[in-house]
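Please read these numbers as outputs of a predicted model, since none were measured by experiment. These numbers come from the heavy atoms of this one structure, side chains and all, not from hydrogens, waters or symmetry mates.
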Amino acid sequence: ADRIRALADRMEAFGEKPIVRASVNIHRVLEHVRKLAQNGFAEHVRFHESYDPSLPPVWGNRDQLVQVILNLVKNGVEAASQNPTTRPDITLITGFQHGMRVSIPGTTERLDLPLFVTVRDNGPGIPDDIMPHLFEPFVTSKAAGSGLGLALVAKIVGDHGGLIEVDSRPGRTDFRLHLPVVSEKDADQ
């Protein structure tokens with residue numbers, strides 16, 4: 001019963017409630033997640049940061065962005081910890097990519113997503129058979145996993161109007177988030 005209740009609670013996050021957005025400093029989010037991880041499940045992990053210090057704020061929900069990054073870091077730590085001969089490494093990267101624009105389906109509107117955040121691990125990579133279904137609910141390669149973590153990540157990133165990409169090979173997996181920045185219109189709200 002407890003397991004079913006916990007699963008139902010996690011599924012609530014997939015509801016269609018609108019998100020409350022504000023100006024968010026993505027570097028503060030990343031530092032918060034790193035500290036949480038190092039004081040908990042990632043005390044044995046070496047963290048590296050490669051930040052672009054001139055980034056504008058993200059237009060999003062801080063708590064949800066913390067959840068996204070925390071899920072990605074936790075997955076990366078678990079993957080990188082599989083190899084007993086290599087010390088697990090997590091690298092957090094931010095940057096600005098001019099020209100990253102996407103169309104909004106059903107409209108002529110285009111959304112700029114110039115800010116990116118990458119969470120990189122040095123684990124074994126994602127199995128080829130899972131890769132096409134990676135962001136679907138209940139897909140996992142972990143014996144004790146629920147398969148909801150990356151589905152929730154994809155949902156939250158999508159709710160923010162962002163995109164998520166993954167590039168994986170043995171020894172390196174990158175999850176890259178493309179996020180909207182605060183516009184003049186957003187700042188006036």
> What about Ile164 and Ile93, same hydrophobic cluster or not, with Ile/Leu/Val/Met/Phe/Trp/Tyr joined at side-chain heavy-atom distances under 4.5 Å?
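No, separate clusters.
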> Answer yes or no: is there a side-chain heavy-atom contact under 4.5 Å between Arg120 and Thr173?
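No - every pair of side-chain heavy atoms lies 4.5 Å or more apart.
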> How about Leu177 and Glu165: do any of their side-chain heavy atoms sit closer than 4.5 Å?
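They are not in side-chain contact.
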> Report the distance from atom CG of Leu30 to atom CZ of Phe47, rounding to the nearest 0.5 Å.
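The CG atom of Leu30 sits 10.5 Å away from the CZ atom of Phe47.
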> How long is the straight-line distance from NE2 of His32 back to CG of Asp63, given to the nearest 0.5 Å?
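Reported to 0.5 Å precision, the distance equals 8.0 Å.
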> What pair of heavy atoms forms the shortest contact from Pro53 to His27, and how long is it?
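Heavy atoms of Pro53 and His27 come nearest at CA-CE1, 4.4 Å.
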> Just verifying a value: how many Å separate Leu115 CG and Leu179 CG, rounded to the nearest 0.5 Å?
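One gets 6.0 Å once the value is rounded to the nearest 0.5 Å.
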> I need the minimum non-hydrogen distance between His160 and Arg21, along with the two atoms involved.
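Scanning both residues, the minimum pair turns out to be O-NH1, 3.2 Å.
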> Quick one: are Pro114 and Gln97 in side-chain contact, heavy atoms under 4.5 Å?
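Side chain of Pro114 against side chain of Gln97, heavy atoms only: no contact under 4.5 Å found.
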> Looking at side-chain heavy atoms only, is the closest gap between Glu43 and Gln38 below 4.5 Å?
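They are not in side-chain contact.
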> Closest heavy-atom contact between Asp121 and Ala80?
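Taking every non-hydrogen atom into account, CB-CB, 4.4 Å.
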> So, for Ile69 and Val117, which heavy atoms are closest and what is the spacing to 0.1 Å?
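For Ile69 and Val117, the tightest heavy-atom pair comes out as CD1-CG1, 3.9 Å.
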> Val119, Met131: one ILVMFWY side-chain cluster at the under-4.5 Å cut-off?
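Same hydrophobic cluster.
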> So for atom CG, which belongs to Asp129, do other residues, nucleotides or ligands contribute more than 12 heavy atoms lying within a distance under 6.0 Å?
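Atom CG in Asp129 is packed in, count exceeds 12.
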> Checking Ile126 against Leu134 for the side chain to side chain contact (heavy atoms under 4.5 Å, CB included) test, could you report, in this order, the C-alpha distance in whole Å, the side-chain angles of both residues, the deciding distance, and whether it holds?
CA-CA 9 Å; Ile126 299 167; Leu134 198 58; 3.7 Å; yes
> Is any side-chain heavy atom of Glu31 closer than 4.5 Å to one of Tyr51?
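Sidechains of Glu31 and Tyr51: in contact.
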> Dump the intermediate steps for salt bridge (Lys or Arg N to Asp or Glu O under 4.0 Å) on Arg87 and Asp89, then the final yes or no.
CA-CA 6 Å; Arg87 182 169 180 188; Asp89 281 340; 5.5 Å; no
> Same cluster or not: are Ile19 and Val153 linked, directly or through other Ile, Leu, Val, Met, Phe, Trp or Tyr residues, by side-chain heavy atoms under 4.5 angstrom apart?
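Result: no, two separate clusters.
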> Between Val157 and Phe135, is the side chain to side chain contact (heavy atoms under 4.5 Å, CB included) condition met? List the steps.
CA-CA 11 Å; Val157 171; Phe135 298 107; over 6 Å; no
> Do Val24 and Phe116 belong to the same hydrophobic cluster, where Ile, Leu, Val, Met, Phe, Trp and Tyr are linked whenever their side-chain heavy atoms lie under 4.5 Å apart, directly or via other members?
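Different clusters.
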> What are the two closest non-hydrogen atoms of Val33 and Val66, and how far apart are they?
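Here Val33 and Val66 meet closest at CG2-O, 3.7 Å.
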> Would you say Gln67 and Asn71 are linked by a side-chain donor-acceptor pair, where the criterion is simply a distance under 3.5 Å?
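Yes, a side-chain donor-acceptor pair sits under 3.5 Å.
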> Is any side-chain heavy atom of Asn75 closer than 4.5 Å to a side-chain heavy atom of Phe175?
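No, every pair of side-chain atoms sits at 4.5 Å or beyond.
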> Side-chain contact, heavy-atom cut-off 4.5 Å: Pro88 with Ser81?
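When only atoms from C-beta onward are counted, Ser81 and Pro88 do touch, with a gap below 4.5 Å.
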> Any side-chain heavy atom of Arg28 within less than 4.5 Å of one from Arg62?
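No, side chains not in contact.
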> Do Val166 and Leu92 belong together in a cluster built from hydrophobic side chains that touch within less than 4.5 Å?
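Yes: a chain of side-chain contacts under 4.5 Å links Val166 to Leu92.
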> Under 4.0 Å between a side-chain nitrogen and a carboxylate oxygen: does that hold for Asp174 and Arg172?
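Here Asp174 pairs with Arg172 in a salt bridge, since their nearest N and O are under 4.0 Å apart.
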> Go through it in stages, so that I can follow the logic: the residues are Ile90 and Arg34, the test is side chain to side chain contact (heavy atoms under 4.5 Å, CB included), and I'd like the CA-CA distance, side-chain angles, deciding distance and then a yes or no.
CA-CA 10 Å; Ile90 298 293; Arg34 184 186 56 77; over 6 Å; no
> Report the distance from atom OG of Ser23 to atom CH2 of Trp59, rounding to the nearest 0.5 Å.
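Rounded to the nearest 0.5 Å, the OG-CH2 separation comes to 7.5 Å.
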> Please report the closest heavy-atom contact between Leu72 and Leu150, naming both atoms and the distance.
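Looking at all heavy atoms of both residues, the shortest contact is CD2-CD2, 3.7 Å.
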